[in-house]
Amino acid sequence: MSEPDATSAGTLHVAADEGKALWVVDELMTFKAVGEDTGGAYALTDSLVVPQGGPPPHLQHREDKAFWVLQGELEFLIDGGTIRARAESFIHVPKGALHTFKNLGSTPARFLTLLVPAGLERYFEEVGKPGTDFSSPSPIEQEDIDRLLAAAPKYGVEIKPPPEP
C-alpha cells in the first residue's frame, strides 16, 4: 500500500488502496489519518474484523471513539448495555466507557473508527503486525496478547477479562 499525499496547506488525501495496514489481533486496521496528519486532533482507521472476531473488553482514559459500520453487523457491549449495529450505523463511545464489539456475521465486517484526540493509533502501531491483505490474517499468538497487555497502560488503556457466558 502506498502512503497518503499531503499538501502544504495541510490537506490530506488518502486513496482507497492507501494507508498503513496492521493486524491488531483479529482486526486489519488501515490508518487513513494519524495524529501527525491532523495536528493531533484525531486519527481514523478503516478496519476489517474476522467473522465472530473482536477485541476484549477495554476502555480508554484519553480518547473518545466513534464507529461507522460500513458492512456487516457488529454487536457492541458498552457499559453493560448491548447495541446491534448494521451497515450505516454510528456508535459513539466516550472515554472511560468499558466496551467491546463482536462481528456477528460469517463474513468480514468493515467499519471506520475515529479516535479523538489522536494518540491511540501509536498503541496499535506498537502492538500490531504489518498486514497488506485480509485474505491472509496474521495468526494470534500468546506473545501478541502479552504485547497488548504490556503496552496498554502506557496509552491509557485498560483491558478487562471477557464477561462470563
Side-chain angles (χ1 to χ4, degrees), residues 1 14 16-34 43-93 95 97-115 118-165:
M1 294 195 176
V14 184
D17 62 346
E18 293 180 334
K20 181 178 183 178
L22 295 172
W23 278 102
V24 179
V25 190
D26 57 5
E27 181 178 333
L28 182 61
M29 304 175 94
T30 301
F31 295 84
K32 296 300 187 174
V34 295
L44 180 70
T45 66
D46 184 344
S47 293
L48 287 165
V49 66
V50 301
Q52 303 304 305
H58 62 284
L59 57 91
Q60 292 88 229
H61 290 286
R62 301 175 189 160
E63 298 87 8
D64 290 326
K65 284 167 105 176
F67 297 88
W68 180 260
V69 180
L70 300 173
Q71 69 185 45
E73 184 176 11
L74 300 174
E75 180 179 73
F76 285 83
L77 299 175
I78 305 171
D79 281 339
T82 303
I83 300 170
R84 290 181 77 136
R86 293 187 172 99
E88 300 187 24
S89 294
F90 175 82
I91 305 288
H92 174 257
V93 181
K95 64 183 166 193
L98 182 63
H99 64 284
T100 186
F101 62 83
K102 179 179 181 180
N103 175 1
L104 297 177
S106 59
T107 60
R110 182 174 172 224
F111 54 94
L112 300 177
T113 305
L114 183 65
L115 307 164
L120 191 61
E121 73 276 14
R122 291 190 298 263
Y123 174 59
F124 300 131
E125 290 172 346
E126 183 172 328
V127 301
K129 295 178 181 179
T132 56
D133 188 345
F134 192 77
S135 65
S136 56
S138 179
I140 302 168
E141 299 168 345
Q142 185 60 45
E143 66 186 40
D144 299 323
I145 305 303
D146 294 343
R147 194 169 47 249
L148 274 170
L149 293 170
K154 181 165 71 170
Y155 296 95
V157 175
E158 287 183 53
I159 299 175
K160 305 288 188 178
E164 296 293 323

Partner residues of R84 under the salt bridge (Lys or Arg N to Asp or Glu O under 4.0 Å) criterion, sequence neighbours left out
E73
Do you know the tightest heavy-atom contact between V127 and A151?
CG1-CB, 3.8 Å
Looking at side-chain heavy atoms only, is the closest gap between D26 and N103 below 4.5 Å?
no
With sequence neighbours excluded, residues passing salt bridge (Lys or Arg N to Asp or Glu O under 4.0 Å) with E125
none
To the nearest 0.5 Å, what is the distance between CG on L120 and CG on D64?
11.5 Å
Of the non-hydrogen atoms in T30 and E18, which two are nearest, and what is the gap between them?
CG2-O, 3.6 Å
Measuring from L59:CG to E158:CD, what's the distance to the nearest 0.5 Å?
4.5 Å
So, taking the atom named CD in Q60 and the one named OH in Y155, what distance separates them when rounded to the nearest 0.5 Å?
13.5 Å
Residue pair L114 / W68, side-chain heavy-atom distance below 4.5 Å
no
Does any part of the side chain of D144, heavy atoms only, come nearer than 4.5 Å to the side chain of K129, both counted from C-beta?
yes
For G131 and A21, which heavy atoms make the closest approach, and how far apart are they?
O-CB, 2.9 Å
Hey, what's the ring geometry for F101 with F67, parallel, tilted or perpendicular (30° and 60° as the breaks)?
perpendicular
Validation row: T100, K102 side chains within 4.5 angstrom (heavy atoms)
no
Can you name the residues that form a side-chain hydrogen bond (donor to acceptor under 3.5 Å, both in side chains) with D146, not counting sequence neighbours?
Q142
Using every non-hydrogen atom in the two residues, find where P161 and P57 come nearest and quote the distance to one decimal.
O-CG, 3.7 Å
Could you walk me through whether Y123 and V24 pass side-chain contact (heavy atoms from CB on, under 4.5 Å), step by step?
CA-CA 10 Å; Y123 174 59; V24 179; over 6 Å; no
H58 side chain near K160 side chain, heavy-atom distance below 4.5 Å
no
Are the side chains of K20 and F124 in touch, meaning some heavy atoms are under 4.5 Å apart?
no
Between the main-chain N or O of K95 and the side-chain N or O of E63, is there a donor-acceptor pair closer than 3.5 Å?
no
Smallest heavy-atom separation, G54 atom then V49 atom, equals N-CG2, 3.8 Å
S47 versus E27, closest heavy-atom pair with distance:
OG-OE2, 2.8 Å
To the closest 0.5 Å, what do you measure between CD1 (I91) and CG (L74)?
8.5 Å
A quick test of your reading: do over 12 heavy atoms of other residues, nucleotides or ligands sit less than 6.0 Å from CD of E141?
yes
Can you check whether L112 reaches L44 side chain to side chain, under 4.5 Å on heavy atoms?
yes
Can you tell if the side chain of T45 reaches within under 4.5 Å of the side chain of E121, non-hydrogen atoms only?
no
Has Q52 got a side-chain atom pairing as donor or acceptor with S106's backbone, closer than 3.5 angstrom?
no
Euclidean distance, T107 OG1 relative to L48 CG, rounded to 0.5 Å
10.0 Å
To the nearest 0.5 Å, tell me how far I78 CD1 sits from H92 NE2.
10.0 Å
